[in-house]
Every structure is written in C-alpha cells, then in structure tokens.
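Reading through the structure tokens given below for one structure.
Just the heavy atoms: all of them, side chains too, but no hydrogens, waters or symmetry mates, feed the values below. Small disclaimer: the values here were computed from a predicted structure and weren't measured. Proteins come first, then strands; the chains are lettered A, B, ... in the order of their sequence lines, and each starts at number 1.
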Amino acid sequence: MEALLRIENLSKSFPGVKANDDISIDVNKGEIVALLGENGAGKSTLVKSVFGLVKPDSGTITIKGEVIEPGDTAAAIRHGIGMVHQHFQLVPVMSVVENIILGDEPHKGAFVTKKAAREEVIALSKRYSLDVDPDAIVEDLPVGIQQRIEILKALRKDIDLLILDEPSAVLTPHEIDELLEVIRKLAASGVGILFITHKLHEVMAVADRVVVLRNGKLVGTTSPKETDEEGLAQMMVGRNVVLSVEKGPARVKEVALEIRELSVKDDRRLDAVTHFSLEVHAGEILGIAGVEGNGQRELVEAICGMRHRENGSVRVSGKDSPDMDPRGVHLMGVSHIPEDREKDGLVSSYSIADNLTLNQFNLKPFADKGVRNFAARDEYADRLVKEFDIRTPSFQNSASSLSGGNKQKVVVARELTQNAHVIVASQPTRGVDVGSIEFIHKQLISARDGGAAVLLVSAELDEILSLSDRIAVMFGGKIVAIIDGQGADRQYIGRLMAGLSE
Amino acid sequence: MKFKISRDALVPVASVLAALAIGAILIAAQGHSPLEVYKVLIVKGFQSTAGLQATLSKAGILIMSGLAITFGLRAGLFNIGAQGQVLSGALAFTYIGYRVHGLPIWIHLPFALLVGALFGALVGGFAGYLKATRGVHEVISTIMLNSIMAAVVDYLTQNQFRLKSQPNTRTPDILHSARLPHIFGFPTGFIVAVILAVVVGWIFRKSTVGFELDTVGKNRNAAWYAGISVKKSIVLGMLISGAIAGFTGGMFSAETTGYFVPAFYSGIGFDGITIALLGRANPIAIIPGAIFIGGMRSAQSAIQFQAGVSPDIINLLLALVLFFATAPLIAKMIKSNAKSITTTSGWGS
Amino acid sequence: PANAATNDDSKCGTAGLICIGVVTDIGHVTDKSFNQAAWEGAQAGAKAVGGVANYIESNAATDAEYGNNIALFAAKKYNVIVTVGFLEANATVAAAAKYPDIKFIGIDQFLDTTKTTPNLAGLNWHEDQAGFIAGYLAGYMTKSGKTGAVVGLNIPPVYRYAVGFANGVAYAGKEQGKKFPASKIIYHPAGDNAFSDPAFGAANSAQLLSQGYDVIFAAGGGTGNGGLARIAKTKGKYCIGVDVDQWGTVPEAQPCLITSAEKLIGAGTADQIAKVKAGTFTGGNVYGNVGIAPYHTFASKIPASVQAKVTAITKKILSGSLATGVK
Amino acid sequence: MKRFNIKIWQLLLTIALLAIWIYSYIANTDITNSVVASGMRFGMPLALAAMVGIMCERSGVINIGIEGTMLLSGFTGFYIASWSKNIVVGLLVAILTGVLTSFVHAMMTIQWKMDQIIAGTIINILASGLTSFLYKEGSTIPNSWPIFDIPLLGRLPFIGHAFFTQQGPIQYLGLLLIPAIWVMMYKTRWGLRTRAVGENPGSADTAGVSVIKVRMINVMIGGAIGGLVGGFICLELVGSFSKEFTAGSGFTALALMIFGRWNPMGAFAAAILFGLAQALSTQLQIFGVTNIPNQFITMLPYVFTIVVLAVSAGKVRPPAAAGRSYEKEQA
Ligand SMILES: Nc1ncnc2c1ncn2[C@@H]1O[C@H](COP(=O)(O)OP(=O)(O)OP(=O)(O)O)[C@@H](O)[C@H]1O
Ligand SMILES: Nc1ncnc2c1ncn2[C@@H]1O[C@H](COP(=O)(O)OP(=O)(O)OP(=O)(O)O)[C@@H](O)[C@H]1O
Ligand SMILES: [Mg+2]
Ligand SMILES: [Mg+2]
C-alpha cells in the first residue's frame, strides 16, 4: 500500500545548524506516529516543512502519491493536512469563531456569514467533544482552552493527515486523556497522525510507531510494544535517563514565604485571587495544582511584585515585601521562573549572556555604580551555559536563536543560581525534553535541599506529584485543599482541580 | 572576516555613489552638467574653509537633534514631535541669553543652555508622563504639543519677549556672554555634539540606565519582570530625549541665530528623525551621516548659484542615499551581510 | 548661472554695469508672493538700467545661510544686493557693514538707522493702507454688511493688512450711514505651515460664507489662496487677494476676486535700483507704494460711483490726509 | 473592566457632544450648522488620510509616509490635469500615483523587510525632494471640482444642512468611503484576513492566507486613498499645487488614527472632533473673543485632543504585528 505521507531525504539548515539532515519518514493511513527528540532535535522544523511553513533545502514530501509544493501552506491545506502548532497560532484579539474560520470563511459574496460560521464552530466542538465558547475573545481564555481552539482549527477541514506539535504541553491530565481519545478516534477513521510530544507515557498510550530524532538526524524507529519509557528516553538522549524523581525527605525549617489574605485582579479587573493565605517553609517544595486559569498566574505575579495586590500581604523571611516592585521583591531573595518565557522571561534580541543576567545586570559584580562590567557577565554566562548544558555555539548569540527547551534552560539557570530564599517556579518544564526535565527537577530539589522555599506552580499533575512535599489545590482563586505530597491520590486531586467537592 | 567587514562598510559608500548616479541623470535631464554640480558640492561643502565650517556647524545641530530622536527610539519611544521641544528650548535659552546681564560667559552660556534643556525636557517629559500614567501615545501627544508649543512661543515672542524697537516679531539679541565662541574658527557646536554623541553612546553601551531603557524598548514585559520600572523609563526616555532637543535649540541659538524667531528653527526636529534613522539609532553612527548631510546642505545655495540647478536636488539626493543605505538592494549587490536596520518594532505602545 | 535673459554676470565689476543679486527668504522666486515680486522687480530694474540680475534661494532661515548667500554675490562683484524678508534683517545689516561698496536693499526690513550704514535701504510698505483701501471697497460691495479676513500668522505685516481692512470697512459703513458689525479676522495658528495651509484657508472661508459673510479678504500665502479658491465656488460672494494682483497668480479665484490689496514690491525694488543707477540712493528706511490691483472683469460690475470713491480715498490715504487707525 | 471604562468615556463624551449640539442647534441653528459643516471640512481630509494609515496598519505595516504619498499625488494630479486640461484625468493620475508610491513603500517594507518607520521617512523626503525639484510655476487647471448640495439629504432636519450642503465631492465621498472601509474591515472575509495578518501573521499564514499578498494589496489600497486625498486637495480645495501643501497633515492623520484606535469609524470620529475643535476656535474668533490672545484660541484643537485622551485614558493597542516584517521561517 502507498504510504499516506512520505518524507524523503529531507534536509534543512539554518545559519549554524543543520536542523534536519536527510530525513525519510512514512506515515500510513490511520497510523499514529510519534516523533520524539530532545529540544532542538529538529522535530518542529520537520513538521513545518510538511505543512509548508518552512521551505526545505532538499528532499521531497509526498501525500497520497502527490508531491506537495515546498513552502506553500495553502497547498498543504489543500492536500488535506492539518496542523496544531507548538506555539499557538491564534489571533488574541479575535473571537473563537473568527480564529477557527480564518482562511476558509463561510461567506456570501465578500461577506463573512457570521451565523453560519458560528453554527459550524458549535457543531465542530460538539463533534469532537471539545467545548468552547464561540463568542469568547481568545486572549481572555486560559491556555488550555486556547489549545482546544488550535485543535478545532486543525480538525475543521476534512483532513487526511494531522500534525500535532506538542499539543499536550499545556493541558490538564483530564484534557490530555480527552485529546488522546480524539486522536485515537481520528486514526480509527483513517486519518494519519504525526504527533510530537515530550511526554513518554502519552507515546506509550497511543503511538503505533515511534520515530526518534537527534541533532537533526533520524536515529531510530521503534514502537511502544518493543520498548518502554526508559528505552525511549535513552534513544532520544543517547544515554541513560532517570525518569522518576529521586528525592530525600524534606528538612523543613522556618516559614520563608507567608501569604496572607491576598486578593488580586486579572487584566480585565475581575477577581482572580481572593483572600488567599499560604505559608511555604524553607526547605520544602509546595506544589500548587490546578487547572490553568484559576488564578495561578495572577497569584505568582502578585507574589513577585509584578501585579498589584488589592488586599493582603506577602512576607518574605518575615519581612513585608513591596507591592508592584519586582526589583524590590527580587532583592528580598525571591527568584521567579515565569510561565511565559518568551513574553516575560527573555529579551529575545539580547545575547544569551545578557539574558542570563537580566534581573541582576545592575548588581555587583555585573555592575558597579551604574557602570556595567561585561567581563563579569561573560564569565558568569560562560559558566552557566556549561553548567546547564545550554545548546548554543556561543553565549554571545541572541536568545532568539535557541530552541524552546534551551530558552527555558536559560531562564532556569538564571533563577536557580541566585541562592534565593524563595523560588517561585511557574510551569518550569513546559515544552522541555525529558533530559532537560530531569535536569531542571534535580535543580529544584537541590535548591530545596539547600534551604530554599520552592513554590511550584504547574499544570502538569505528574510534576506536582513527583516533586512536591505538600500540595495545595487551587480552584477559582482559592485554595480548596492542602495535601501531604507523600502518597497523594492522583484521582482525588484531579477531582479537586475540577472543582468537585470531595 | 576582515573581508566581510570592509564589505559592510562599503554599503554606505556605494549608496552615496548610487544616489549621485541617479541624481546625475536627473540633473542632466534638466540640461545641466552633473559634473559641475558635484564639483561645487565637494568644493563648497567640504573643501573650502568657509564651506567646511558651515558644514560642521550644520552637522553639529543635526547630530544633536539626531541624538534626541535616537534616545527615544532606544527606549521604544518615537519622539516624532521633537520640534516643539527644540522650540521651547530655544526660546528659554534666548530669554536667559538676553535677559540675564552681568554674568561671565562660562556661567551665562552653560546656565542658559541648561535652562533650554530643562524646558525641552519639560515638554518631552510631559509627553512621557502622559504615556506612562494615562497611556496617551507619544506620537499623538508630541505632535499636538508641537502645535501648542508653536502657539505659546509665538505668543511670547509677540508680547513679553518681543524686541519693541522692531516692527517685526523677534526677541532682543542674545548677549555675547551667551553666544558660543568659535575656537580658531572651528564650530564649537560640532565638538559639543560629538562629545554628546559619545556620552549617549556610552550610556547605552556601558551604563545600567541605558540597559534599562534598551530593555524597555525591546520587551516591556521582560523589563518589568526583570525589575525595571517601565513607567519611570518611559518618562526618563522622553525627558532626556526632550532635554537633548531643547539643548539643540539652545545651541543653535547660541552658535547661529543670535536671537529668536520661530521660523529659524523649522525642520530641526524632523531632520533629527532622518539622521537617527540613517545612523540606525546608534549614537556614534549618526555622526558621519550628519557630516555628509551638513555638507550637502551647506553647498545647497552654491549649487543653485554656480551650477544653476534647483537646490532641491539636495533633498532628493538625501532621500536616495537613505533609500539605498537602508534598502537591501545595494547590500545584496556587493554581497554584504550587513544586517538590515531596525529602529523600534511597531508603535511600541 | 541661470535664470533670466540678463543674467550673464561675467562682466560684473566693470564700471557702470549694475549687477543685482536677490537673496530670497526661505522660499522660492516662484512663490507667487513677495519673493517672486522682489525677483520680478529686480529683473525689471535690471532691464531699465541695462544691468544683470540673478537670485539665490535660501535654504535655511539663519544669518549664516543668508550671509553665505550674500557672500556668493559679493565674490562675483555684484553691486546691488536685495534681501527679501525681515528674517534677513540681521544678516543684511552685517553684510552692509562688511561690503561698504555694495548697495543693499532690505525688503520688509525696518532699520534701526542709528546702527546701519548708508549703503543699506530698508524698503517697507504701509500694509494697513493697502488693507484699508481694500476694506473700503469691501464696505461698498457687501450686501449683508458682514465681512471677514482669513489670514496667515498674526505677525505685524499681516496684522496691519487685516486691521487696516477692518477699519476700511467700518469707514465705508459710516460714510453710508450704516453700522456694520466689525469685520472678523481669523488668524492661522502658529506653526511652520501658517502660510502654506490651503485647507485651513478653505475651511475657514467656508465657515464665514455659510454665516452670511459676503466679502472676504484672504491674505496669507498658500493659506489665503486656499480661501480664495473656496470663495470662488460660492456664487455671489466676493474675495480680495493680497500682496500682488492675484488675478494672475490664483486664476481659479477669478469668479470672486474683485481686487487684491497690493504692496508694490516689484515697483519699489525697481525704483531703488534706478536710484542706484542715478546716484540718488540714500539708504535708511524708505517706503514703497501700496494700492489695490485692477478690477479686471469686475470693472463692469462695480458701480462707477464706487470706483470713483475708491480712487478718491486712495489718494487721501496715500497722501496721509486720512489715517488708517492702525498703530 | 478596562475595556468597559473606555466605553463609558466614549459614551459620556458622545452624549455630552450631542447635548451641546442639540442645545446650540436650538439656540442658533445657522451658526451651529455652519460650525458643524466646517468641522466636517476640516476633518474630512484628515479622516481620509487616517484611512491610509488604517489600511496599512491593520495589515501590519506602519505607514508614516502618508504625507509624501499625498504630496506626490497632488503633484502629478495637478500637472497632469493642467497638461490634459481635464481634472478627471488629473484625479485618476493622482490615485495611480498614490498606488505607485505605496507600491514602493510596500516593496520596501513587505518584500525587502526594511524598517517600516525608515521606509515611510524615505517616501516623505523623496516626495518633498522630487516635487520641489520638478516644480514649475505658472501651470493652471481649467476648472476645479465644484461644491454642491445633495438633493434630498440636504433638506433633512438637524443634520441635513450641516452635512449635505455646500461641500465638495471629497466630503460626500468620504461619508461613503469611510463606512465602506469599516464594513470591509469588520464584515468581509478580506477584512478578517487583514486584521488577522496585522495581529498575528503566523496565524494567518498557518491558515493558508498569504501574508505578503494581503499586506501588499492593503498597502496599495491605502495608497489609492492617499492619492485621492492629495489629488482632491490640489484639484478641489485649492486648485493649484503648492510646495509642501500637506503641511504636516499626514502626521496629524496618524495621530487621529491612533486616537480612533485603528478603527475607521473611530478615526473618523476623532478627525471630526478635531475638525470641530478647529471650527470652534474659528468661531470664537468670529464672535470676536478678544480678551483671550488669539494664540490660545487657535491652540484649542490640540489641547482638546490631549485632554480627551488623557482623561479617557485606556491604553491604545496597535495591531500587534504593526511594524514587524513577517519572516515565514519563524512561524
Ligand atoms: N527560524 C530559525 N532560524 C534559525 N534557527 C532555527 C530556526 N528555527 C529552528 N532553528 C534551529 O533549528 C534547530 C531545530 O529546531 P526545532 O524547533 O525544529 O527543534 P525541536 O525539535 O522542535 O525542539 P523543541 O522540542 O524545543 O521544540 C534548533 O537548533 C533551532 O535553534
Ligand atoms: N492566498 C490568499 N491570501 C489572502 N487572501 C486571499 C487569498 N486568495 C484569495 N484571497 C481573498 O479571499 C477572498 C476569497 O477568495 P478565495 O478564492 O479564497 O475564495 P474561496 O474560498 O475559494 O471561495 P468560493 O467558494 O467563492 O470559491 C477574496 O477576497 C480573495 O481576494
Ligand atoms: Mg519544537
Ligand atoms: Mg474558490
């Protein structure tokens, strides 16, 4: 049988990197192929080539026996390819309907037929049981819902091939289960699926076949039947990876972060966090579990001085921390790994070195009396790039040249090397490969063991479960329960996260 | 590597040549000799002592106004209405310059310049304040402030600040103790401008304040995350941009005009935009562009008188140079990898 | 060297040959306004004395620029230099001191004669007189009694034109035993574009027209010209131009243009040149003639009696027996 | 809540203005009509120039070259009209010039991915240099566009006299064109794509919409409007070309575009409001208010704009991609 998608000898170089090197892959009708690889291995580049977003240097892409014109998205769509992108490709200020219909709008003459469009979106969301409010403005929606819109967009046309580039990075466990169900259903109906993820259990759960990339090259093909998660990780990284987190018991000390009666509003001036109180002790990791959009972002920003506290106080090591003063809070010994590295955590046109010192550029030894010391910065950057294994030819390169995972490493490296009393880590491993996840987790634990109080916010329930000494479940801007991390019940927390009472 | 650098440096040179070539066609099309025109341009603008003096004097003002715009651009602010700040600085300078008697030059001149810069800073800073606290975009506020300042300045020159013995609207002459002395005939303003460029260059290269402004210009969210007060930076960026503009107005009065008439200052603020763009918002890189434009401007009249070509050819040549220096055509032709210029990304709301 | 027929300046410096150089204010000799008028006057003057005339257009309003341009003429041994506009006053005074052998004519430059040299004449006009005469005519042409002026920046010459106009209207009203409402003067806001904002002139004229104003004095370069063009489009309304006879410079205004308040810049300039030739040039502040332009096709529409009254008042004003009331 | 704030302010302002309008209409119909009509006349060229900016920026291209576009179009429009003795031909040529000028702008910004602010500046100084270099005195056109009344609408009570009488064709055209642009922008497929491209070109690209094509066409439509305005100023308002006749209105138009939040109707309202403030300052001079120096009266529209913006607060949010050239690779 002719393969549905056939990628033959595809190569693509960017200045300084060979992102794809002579790659050939087939995807058959109804088959789910998982594409694995470390950050920067070239997965996104490969699938973008298929979708016409990247023009390969050489090689051919054939679908149902027809060659697709390279670098032409419209052609790819015509050939029945749909794609869910690693970075959301949504227009934040537009409604859900507008986003979904964009590019092929129901219309009468030149006019968009709003009603028909709306009905179509409602029907679509019913069909795949992916619930969305058609009239909501995208930027007002939590990321999980935004991801749903991305998926609906891709599913809207009758597609033969669906590409998913890390669709589950921002979803809750329940949402992931739903997504995997959708994928299985689609495959059963004959759609070929090319699926990129860093979560190996997802691969084990749905993939028919697994293709692994390393440094732009195809290093192997396997299937869940032939191997296990450890095996997959080893294939990707080229070494043994410890997937389960190893940590000793917490040596809990005094309260380092004390939040009292905190209330915060969101961008639309609606209540996001209400009368929130919490204590985090030095030497423990407190994980906040919750579906995204339940006030976690606002909570973190208020703690770090980035968002106005309407009410209540935040104390660090027994002293009041200032409101609306990120620098002041930072100087009290609070480190912050922000959830959106591109938006908040990095200045992408700056060098990696400048980014590694982004919130310390004014402190000794990086500056003295307002004059910057570049030698100190570079020495520091050189050390961190090595220590955190940031994959780059030079720390002088701009942050924009890094892959997503490596960008995250820059942020983590910066925040975890400051000997902070309090570390606020928001989605610290989002979109990061297994090798790096292992590394970041180890760093967080060693920070805890070094006596820091770690507040971990993650939509990744597994991450929360495996790292936290205590778990606070957040729903609707409040804590609904605080549970001991040891032996916490996954199902129980899941129910709390969904707002169901016990 | 060396080879590549020299190629990048070739871009501006080739751009000038390309502009001159197109200019030559236009000149010839009007029945004049391009060679003669360009000879006059070089002799009058760059060869004769008087020409060079005029060139550098003009270049000094261009550098300063270019710095004013550059300072804003680096902080993500487009101070399109620097003209209003130039005007208020110039008038404030002039007032101190003619009104305050009995000070020695080394006090009077710097003091008057400081007051000029202060008034420029007030106008610019007001726009910055409106942006930081009320979200009023600086492109609107500075354009509106331009007109407002023009009216205020006009009112003052017609009334309180007017030289009553003259039927025409002008201020009294600025006292000698507030005029800029020439050092051996060398335009002092140019030296001041170059020093200012070096200082501004240093601020953005080495100082933490410069880094803060740059960061706010590049990614406001990340700047806030990194503990930089975005609001303060916006006010500061506009304040200093305005101060430099006001200072420029003062320097122009001190070196060139000698008294105040609003029309003397027309175009200074807008010229600054061209210069800043030509120099890619790099404080040092604006210097050669300013000298080049200064030279063309100072030869403008001679071109008309001696070669019979409309002096507007100069503005045309300038546009062509800016075009070729920024469009990737030339760079591609000589296989340079010179990065394309960016100033601010978008309106940087 | 370019320009007119008599522009060959290679023989300048030979005795008896008069070479005239015009340094324009920022602006061009084709500005349909005073730069152009001065340049035409210089050419006419040159023709009359068999001399040479040339111009340089200034590109920046600074003393340095004007000084350089004057120096260009001086270097070529020109013996009469005309500088146009009050912005050039300082540069002209300085140049006159520097080149005592060259005669300078400073147009629109009122001199402090205690500080100037005798080779410099400041050529001025009583704009208020031209405005008054035009206003007097307007006072007889208005049916509604409502007249107005849409003008450029509020600077002294513009002010004198406008207030002179208003006083002329009032005077004509009194003569006819009518009490007209005061003539409305609308100034352009300050700014670089005060004299080059046709849209402003048009919109303001229209606003006046729609409120029943029927004779409008549009004075102020491009701003005024925009007003003239707009008024011409409304039937039965009259407009008055400024500085030169705008019948020729703004032809689309012809349907409404009953006259223009003129200051005879060309004639005044030519006159001074003739004085140089005759050796009667005295320097100091001198005044050129003002008046109003021909009526052209309106000659048949303006009653002969009114025309006679205007002629009579013109004489009175120019002779000084009637004051305009403008300080 | 922020959005809500803006709406309240807009509402209050609208109500206040309506109240003033109705009150003064009753108090003095003629003068009120005249002032409102005058506001339209001041505002319409600015509003149309702002449409140039909106067409470009909504698709992600900042255009500060509006001034130059109008200048060049006015130039060619006038001289061709003068040469062909036909103002219709002149106007068409003006529009064509606008399209060609914006094509150059589009090449620079979209194809060559040059800095958009620089590209606009080049257009401006190129236009200023070319038009003054090639300027020739003494040309005239056979006639200029007339002003006229709209037959039925002109007799409507309240708005009729102010909006539909004694205006030139550009005024009436603007009343059609601006709502049409609004409808295009918010109701049609092209408009949806345009806005998507201006907000997130990656999103449009991944949906199979050609970012380059959408931008090129919008910028050129903008150019056509710019050509229209330039042509009309020379062929209707003034009847001749004068150097630098645009007198900074291209920049004021940009300010009004931002004031109107990149929305065609918003910019129109902003321009009319600005025009009304100007008409009002004229009216104060007509009323003979002499105890306030004239400079402070004429300053009114500018002060008004700043005050309104400062009070109604609310951050303006430009199209997110405006000013950024689109690199497909980074999608
Ligand atoms: N537009 C670009 N310009 C330059 N280099 C690029 C570009 N896009 C990707 N790269 C580089 O190509 C390599 C492959 O990147 P790609 O995004 O395909 O990795 P990935 O496997 O998807 O990684 P991740 O898991 O982090 O998403 C990386 O080194 C990346 O830095
Ligand atoms: N590649 C493109 N990028 C952006 N806009 C486009 C593109 N192709 C067409 N358009 C515009 O989109 C609109 C619809 O054109 P299109 O050819 O896509 O219609 P269609 O979906 O095939 O609809 P129909 O059912 O009428 O054939 C038109 O306004 C057209 O100008
Ligand atoms: Mg990827
Ligand atoms: Mg079709």
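- Contact check for A/Tyr350 versus B/Asn219: no side-chain heavy atoms found under the 4.5 Å cut-off.
- Summarising the local packing, CD of A/Glu387 is surrounded by more than 12 heavy atoms from other residues, nucleotides or ligands at distances under 6.0 Å.
- At a 4.5 Å heavy-atom cutoff, the contact between A/Arg414 and chain B is made by side-chain atoms alone.
- Aromatic ring centroids of B/Phe211 and A/Phe366 lie 6.0 Å or more apart.
- Heavy-atom contacts from other residues, nucleotides or ligands closer than 6.0 Å to CZ of A/Phe361 number more than 12.
- Within 6.0 Å of the CG atom in A/Asp368, the count of heavy atoms belonging to other residues, nucleotides or ligands exceeds 12.
- Residues A/Pro326 and B/Gly227 share a closest heavy-atom pair of CB-CA, 3.8 Å.
- Between A/Ala367 and B/Thr208, the closest heavy-atom pair is CB-CG2, 3.5 Å.
- At a 4.5 Å heavy-atom cutoff, the contact between A/Glu342 and chain B is made by backbone atoms alone.
- The salt bridge (Lys or Arg N to Asp or Glu O under 4.0 Å) pairs that include a residue from residues 198-213 of chain B are A/Arg327-B/Glu212, where partners are two or more places apart or lie in different chains.
- Both the backbone and the side chain of A/Leu358 come within contact range of chain B, judged by heavy atoms closer than 4.5 Å.
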Can you give each donor-acceptor pair under 3.5 Å made by side-chain atoms of residues 369-376 of chain A, sequence neighbours left out, with the distance rounded to 0.1 Å?
unit_1: A/Arg372; atom_1: NH2; unit_2: A/Asp354; atom_2: OD1; d: 2.9
unit_1: A/Asn373; atom_1: OD1; unit_2: A/Ala375; atom_2: N; d: 3.1
unit_1: A/Asn373; atom_1: OD1; unit_2: A/Ala376; atom_2: N; d: 3.1

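- Taking both residues in full, the closest heavy atoms of A/Asp344 and B/Tyr225 are given as O-CD2, 3.2 Å, listed atom of the first, atom of the second, then distance.
- Put simply, of B/Thr215, B/Ile203, B/Asp214, the one with the most heavy-atom pairs under 4.5 Å next to chain A is B/Thr215.
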